[in-house]
Structures are given as structure tokens and as C-alpha cells.
Amino acid sequence: MNQIRGILVSGPQDIREQVWKTKPHDCARACIEMLSSDNSDLLESMTLTLKLLAQRWLMLTDELALLDKRLDKLTNEHCQQLRTRMGVGPYTAGILVTVAGDNPERLRNEAALAALCGVNPLPASSGKTIRHRLNRGGNREANNALWTIALVRARSDPRTRLYVERRTAEGLTTKEIYRCLKRYIVRELYPLILSDLKRINFTGLT
């Protein structure tokens with residue numbers, strides 16, 4: 001879609017006005033149905049390129065919808081405990097159980113899971129200043145899944161919003177608050193992940 005819009009930005013105004021739509025799906029459809037009265041090689045090439053890109057975008061969008069539906073079914077079936085928690089969707093649940101299931105020897109406790117996901121705080125104190133820094137280790141996909149859950153909760157969960165406001169008033173930065181949230185989320189989800197893993201035929205999720 002970025003390629004389509006890039007071509008339209010530098011293309012003739014009549015073509016741009018004909019197919020430029022705010023919604024990507026509408027834009028792709030307009031490109032496929034586009035008609036051009038100019039028979040120049042340049043315009044024919046641009047029209048063909050836009051149609052091919054639009055067809056590819058629609059095809060990939062349909063594939064994505066199919067995969068999302070499949071992932072939603074699998075996680076509802078095999079990750080029932082996780083999916084009941086605020087902010088945990090099919091994508092984040094799938095990532096967390098996959099990462100945990102691929103590293104069963106590292107799930108000794110919730111602190112070990114935090115280290116596996118790269119959300120355990122690392123001391124960075126200096127003198128009388130007590131601080132912790134970002135852990136850049138661990139599985140980054142799992143880390144991002146926890147960040148997504150924290151983001152959803154910070155926007156929609158009243159308790160989390162109150163926590164963010166309180167820690168902000170205490171002087172913590174947004175990054176520091178989200179590090180704390182991710183760590184708390186691991187503590188909450190750890191027993192649920194273990195419970196779900198016990199019931200999973202894990203090869204069905206990989």
C-alpha cells in the first residue's frame with residue numbers, strides 16, 4: 001500500500017483523484033477498476049503496476065484474515081487461561097506460549113520467565129541514585145507481546161491507568177513505567193502460561 005501511494009503521489013493528478021482513497025481497501029479496489037484514456041506507454045505501465053500491487057495487497061489481506069481467524073481459534077482452544085486476561089489477544093497469547101514452550105527448562109519460576117522475555121530489571125545505580133536500566137536480552141517477540149498487553153491496559157484498564165498516573169507523579173518516565181508494567185504482567189501470567197502448557201499438544205501450535 002505504501003508503494004501504491006508512493007506512485008500516486010508522483011503520478012498524474014487525474015489518476016490520483018480517481019483512485020486515491022483514505023481507506024486502503026477502497027484504494028486497492030479503485031486501482032484494480034481504474035480506467036485510463038491516455039494510451040501512452042508511461043501511463044499504461046503505471047496503470048498496470050498499480051493494478052498488480054493492488055491485487056497483491058488484496059491477496060495478502062485475505063491471507064492475513066485467514067491466519068488471524070486460525071490463530072484466534074487455536075489460542076481460544078489451547079490458551080484459555082491466557083485469553084481471559086485483559087489485553088491478551090490471539091497474537092500475544094500465541095507468542096508467549098510458544099516462547100515458553102520452546103524453553104521449558106527455563107521456566108523454574110516467574111523471575112526466570114521475566115529474564116526469558118527480557119523484562120527483568122538490571123541494576124544501574126550510581127552513588128545514592130537507585131535506578132534500573134532496560135534489559136536488551138531475552139526474546140524480543142515476547143518482550144513486544146508484553147509491551148502490547150501493557151499498552152492496551154494503560155489505555156483501557158482503570159487500575160492500570162491509575163498506576164500509570166501514580167508512578168508518573170512519582171517522577172518515573174513512560175519507559176520506566178512500562179518496564180514495571182511488563183514485569184507485573186509476567187508475574188500475573190506465569191501460572192496461567194504453565195497451566196495452558198500442560199494442556200497443549202504443543203506441536204499443534206508450531
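Keep in mind that what you see is a predicted model, and the values were worked out from it rather than measured.
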Problem - Residue pair Pro90 / Arg83, side-chain heavy-atom distance below 4.5 Å - result: yes
Handout entry: Exceeds 12 heavy-atom contacts within 6.0 angstrom, atom CD of Gln3
Key = no
Problem - Heavy-atom side-chain proximity of Leu60 to Leu64 below 4.5 angstrom - result: no
Completion exercise
When every non-hydrogen atom of Leu172 is compared with those of Cys180, the smallest separation belongs to CD2-SG, 4.3 Å
Practice task
Following the transitive rule for hydrophobic clusters with a side-chain heavy-atom cut-off under 4.5 Å over Ile, Leu, Val, Met, Phe, Trp and Tyr, establish whether Leu8 and Met1 coincide in one cluster.
Solution key: yes
Practice task
Check whether Val19 and Leu48 end up in the same hydrophobic cluster, where Ile, Leu, Val, Met, Phe, Trp and Tyr are linked by side-chain heavy atoms less than 4.5 Å apart.
Solution key: no
Problem - Exam field: side chain Tyr190 to backbone Leu107, donor-acceptor pair closer than 3.5 Å - result: yes
Exercise for the section: Calculate, to the nearest 0.5 Å, the distance between atoms CG and OH belonging to Leu146 and Tyr178 respectively. Expected result: 13.0 Å
Problem - Expected output: side-chain Asn76 to main-chain Asp72 donor-acceptor under 3.5 Å - result: yes
Practice task
Output the distance between atom CD1 (Ile185) and atom CE (Met86), rounded to the nearest 0.5 Å.
Solution key: 10.5 Å
Practice task
Side-chain contact test, heavy atoms from C-beta onward, threshold under 4.5 Å: evaluate it for Thr92 versus Asn144 and give yes or no.
Solution key: no
Exercise for the section: Take Lys73 and Lys69, measure what side-chain contact (heavy atoms from CB on, under 4.5 Å) needs, and give me the verdict at the end. Expected result: CA-CA 6 Å; Lys73 178 181 181 297; Lys69 184 177 180 180; over 6 Å; no
Practice task
Report the residues that fulfil salt bridge (charged side-chain N to carboxylate O under 4.0 Å, His left out) with Arg16, sequence neighbours left out, ordered by chain and then residue number.
Solution key: none
Handout entry: Neighbour count >12 (heavy atoms, 6.0 Å) for atom CZ, Arg155
Key = no
Handout entry: salt_bridge(Glu110, Arg183) N-O dist < 4.0 Å
Key = yes
Exercise for the section: Might you point out which heavy atoms bring Gly94 and Thr98 nearest each other, and give the distance in Å? Expected result: O-OG1, 2.6 Å
Practice task
Find the distance between NZ (Lys51) and CZ (Arg56) and round it off to the nearest 0.5 Å.
Solution key: 15.5 Å
Handout entry: Donor-acceptor contact below 3.5 Å, side chain Ser156 vs main chain Arg153
Key = no
Handout entry: Shortest non-hydrogen separation from Leu82 to Ala93 and the atoms involved
Key = CD1-O, 4.1 Å
Practice task
Kindly give the heavy-atom pair with the smallest separation between Asp157 and Thr160, and that separation in Å.
Solution key: OD2-OG1, 2.6 Å
Exercise for the section: For the pair Thr47 (side chain) and Leu43 (backbone), establish whether a donor and an acceptor sit closer than 3.5 Å, ignoring hydrogens and angles. Expected result: yes
Handout entry: Side-chain donor/acceptor of Glu17 to backbone N/O of Asp14, under 3.5 Å
Key = no
Problem - Beyond-backbone contact of Leu50 with Ile32, side-chain heavy atoms, under 4.5 angstrom - result: no
Handout entry: Cluster overlap Ile95 with Leu113, hydrophobic side-chain contacts below 4.5 Å
Key = yes
Practice task
Measure the shortest side-chain to side-chain distance between Leu189 and Ile149 over non-hydrogen atoms and say whether it is less than 4.5 angstrom.
Solution key: yes
Exercise for the section: State, yes or no, whether a side-chain contact exists between Thr61 and Trp57 at a heavy-atom distance under 4.5 Å. Expected result: yes
Exercise for the section: Evaluate whether atom CG of Asn2 has more than 12 neighbouring non-hydrogen atoms of other residues, nucleotides or ligands under 6.0 angstrom away. Expected result: no
Handout entry: Where Val164 and Ala154 come nearest, the two heavy atoms and their spacing
Key = CG2-CB, 4.3 Å
Practice task
Please collect all salt bridge (charged side-chain N to carboxylate O under 4.0 Å, His left out) contacts where either partner lies in residues 158-170, sequence neighbours excluded, each pair once.
Solution key: Arg166-Glu170, Arg167-Glu170
Practice task
Output yes when a side-chain donor or acceptor of Asn143 lies under 3.5 Å from a complementary backbone atom of Cys117, and no otherwise.
Solution key: yes
Exercise for the section: Measure the shortest side-chain to side-chain distance between Asp68 and Tyr91 over non-hydrogen atoms and say whether it is less than 4.5 angstrom. Expected result: no
Handout entry: Short side-chain to backbone donor-acceptor contact, Asn139 and Gly118, under 3.5 Å
Key = no
Problem - Leu192 and Val88, any side-chain heavy atoms less than 4.5 Å apart - result: no
Handout entry: Spatial distance of atom CG (Leu58) from atom CG (Leu53) [nearest 0.5 Å]
Key = 11.0 Å
Exercise for the section: Before giving the answer on side-chain contact (heavy atoms from CB on, under 4.5 Å), spell out for Leu151 and Leu181 the whole-Å C-alpha distance, their side-chain angles and the decisive distance to 0.1 Å. Expected result: CA-CA 9 Å; Leu151 184 64; Leu181 284 174; over 6 Å; no
Without placing hydrogens or testing angles, list every side-chain donor-acceptor pair under 3.5 Å for residues 22-31, not counting sequence neighbours.
none

Exercise for the section: Tell me whether Leu116 is reachable from Leu194 by hopping between hydrophobic residues (I, L, V, M, F, W, Y) whose side-chain heavy atoms are closer than 4.5 Å. Expected result: yes
Handout entry: side-chain contact (heavy atoms from CB on, under 4.5 Å) between Cys79 and Leu96, intermediate numbers included
Key = CA-CA 10 Å; Cys79 308; Leu96 291 175; over 6 Å; no
Exercise for the section: Kindly work out whether a path of hydrophobic side-chain contacts (I/L/V/M/F/W/Y, heavy atoms less than 4.5 Å apart) joins Val119 to Val152. Expected result: no
Practice task
Tell me, with the steps shown, if Tyr184 and Arg187 meet side-chain contact (heavy atoms from CB on, under 4.5 Å).
Solution key: CA-CA 5 Å; Tyr184 291 141; Arg187 184 174 300 161; 3.9 Å; yes
Practice task
Step through the shown structure and confirm whether more than 12 heavy atoms of other residues, nucleotides or ligands are within 6.0 Å of CH2 on Trp147.
Solution key: no
Problem - Heavy-atom pair of closest approach, residues Met46 and Gly11 - result: SD-CA, 4.1 Å
